[in-house]
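Each ligand, and each atom within it, is numbered from 1 in the order the structure gives. One is the number of the first residue; the rest follow in order along the sequence.
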Amino acid sequence: MTVYLNGQFLAVEHAQVSILDRGFIFGDGVYEVIPVYSRRAFRLTEHLQRLQHSCDGILLPNPHTENEWTAILNALIARHSDDDQYLYLHVTRGAAPRDHAFPVPAVAPTVLVMSKPLTPPTQALLNQGVACITAVDNRWLRCDIKAISLLPNVLLRQQAIAAGCVESILIRDDKFMTEGAASNIFVVKNNILIAPPKDNLMLPGITYDVLLEIAAAHGIEQQIRRVAKAEVFTADELLMTSSTREVLAITQLDGKPVANGKPGAMFAQLHALYQTFKRDIMRNPSPL
Ligand code: PDD
């Protein structure tokens, strides 16, 4: 497997970073996960804009321009055999003697990009939906930054796995739903698609935006607002989105069925529209 590290394309076993890297020591860095369909990075401009937002959020100069990133990512895509891939892009504040304060003068950032084959959710998963738990959102107040320091998210996801589920739906202050440990969550009630606002308490998902755009284009009513905890438990449908899972129906919550326990009509419509959107976009030679 070839990865990109600091200007070089290397076999993964030859790619090395210092033990003093601030990513390793402090989790001091940011990342992106970008799906690639038919060898073209999906919504690349939006992913790179979010990367810029994350870099700004941690006061880290973005090491590359949009054109430079595009060239690096395309060169890595070309070195992998799968047409559909997902790119993991990671930038840290670089290697320096351990000190919480930023290094002065600044050191070179560490830039890593990896690619893996992208496998969409199986038909069985689409037909059955997935099981989730609710969990306390105990993360910091800058969840809009896609930071590599993911320990709370890792523990929250593991809480779901330990319960035989795929994801934790996070509840803030025992009052309202924010997102999943690594996904965005939507509630459907009375044919209205309801989603939390893109504020500092959730990651502004690229797939979240795509789903809302598709819904708007097809006349599906939507509300962007705080989603009360109680609404999660009385939803007609619950949906989950992410770059790697696209859109999935959540059919079990805390061991109980969501409505009748089967993927609902809104899921079926949005999933079909998402697939059509992807196919149409991929046939279109303009940027995705
Ligand atoms: N995670 N919220 C969180 C906390 C996430 O980590 C993710 C994605 C999302 C969905 O964002 P998007 O639609 O842009 O993928 C929401 C990625 C997939 C990951 O960490 O692997």
Starting from [atom], locate the nearest protein heavy atom and write down its residue, its atom name and how far away it is, to 0.1 Å.
atom	result
atom 1 (N) of ligand 1	Lys146 NZ, 3.3 Å
atom 3 (C) of ligand 1	Glu179 OE1, 3.5 Å
atom 11 (O) of ligand 1	Gly205 CA, 3.5 Å
atom 21 (O) of ligand 1	Val33 CG2, 3.6 Å
atom 18 (C) of ligand 1	Thr244 OG1, 3.9 Å
atom 20 (O) of ligand 1	Tyr31 OH, 2.6 Å
atom 10 (C) of ligand 1	Asn184 OD1, 3.5 Å
atom 13 (O) of ligand 1	Thr207 OG1, 2.5 Å

*Row check, Tyr37 ring normal vs Lys278 NZ/CZ: under 6.0 Å, within 45°*: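 Yes, Lys278 lies over the aromatic ring of Tyr37.
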What's the verdict on side chain to side chain donor-acceptor pair (under 3.5 Å) for Ser38 and Asp83, showing C-alpha distance, side-chain angles and the deciding distance?
CA-CA 5 Å; Ser38 301; Asp83 287 346; 5.9 Å; no
Note: Ser183, heavy atoms under 4.0 Å from ligand 1, region reported as backbone
Honestly, for Arg50 the part within reach of ligand 1 (heavy atoms, under 4.0 Å) is side chain
Exercise for review: Just say parallel, tilted or perpendicular for the rings of His100 and Phe26, cut-offs at 30° and 60°.
Suggested key: tilted
*Parallel, tilted or perpendicular: which fits the ring planes of Tyr208 and Phe186, with parallel below 30° and perpendicular above 60°?*
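If you compare the ring of Tyr208 with that of Phe186, the planes turn out tilted.
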Donor-acceptor pair between [X] and [Y] side chains, under 3.5 angstrom:
X	Y	answer
Glu167	Ser183	yes
His80	Gln85	no
Asp137	Thr178	yes
His271	Gln275	yes

If you compare Ala182, Ala147, Pro204 by their heavy atoms, the one closest to atom 5 (C) of ligand 1 turns out to be Ala182
Is there any N or O on Ile206 that sits under 3.5 Å from an N or O of ligand 1?
yes
Tell me whether Arg245 reaches ligand 1 (any heavy atom closer than 4.0 angstrom to a ligand atom).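 For ligand 1, residue contact (heavy atoms, under 4.0 Å) with Arg245 is absent.
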A student checking ligand 1 against Ser243 at a 4.0 Å heavy-atom cut-off should list atoms 12 (P), 13 (O), 14 (O), 15 (O)
- How far apart are the C-alpha atoms of Glu66 and Gln52, what are their side-chain angles, what is the distance that settles it, and do they pass the side chain to side chain donor-acceptor pair (under 3.5 Å) test? CA-CA 10 Å; Glu66 181 168 344; Gln52 185 63 54; over 6 Å; no
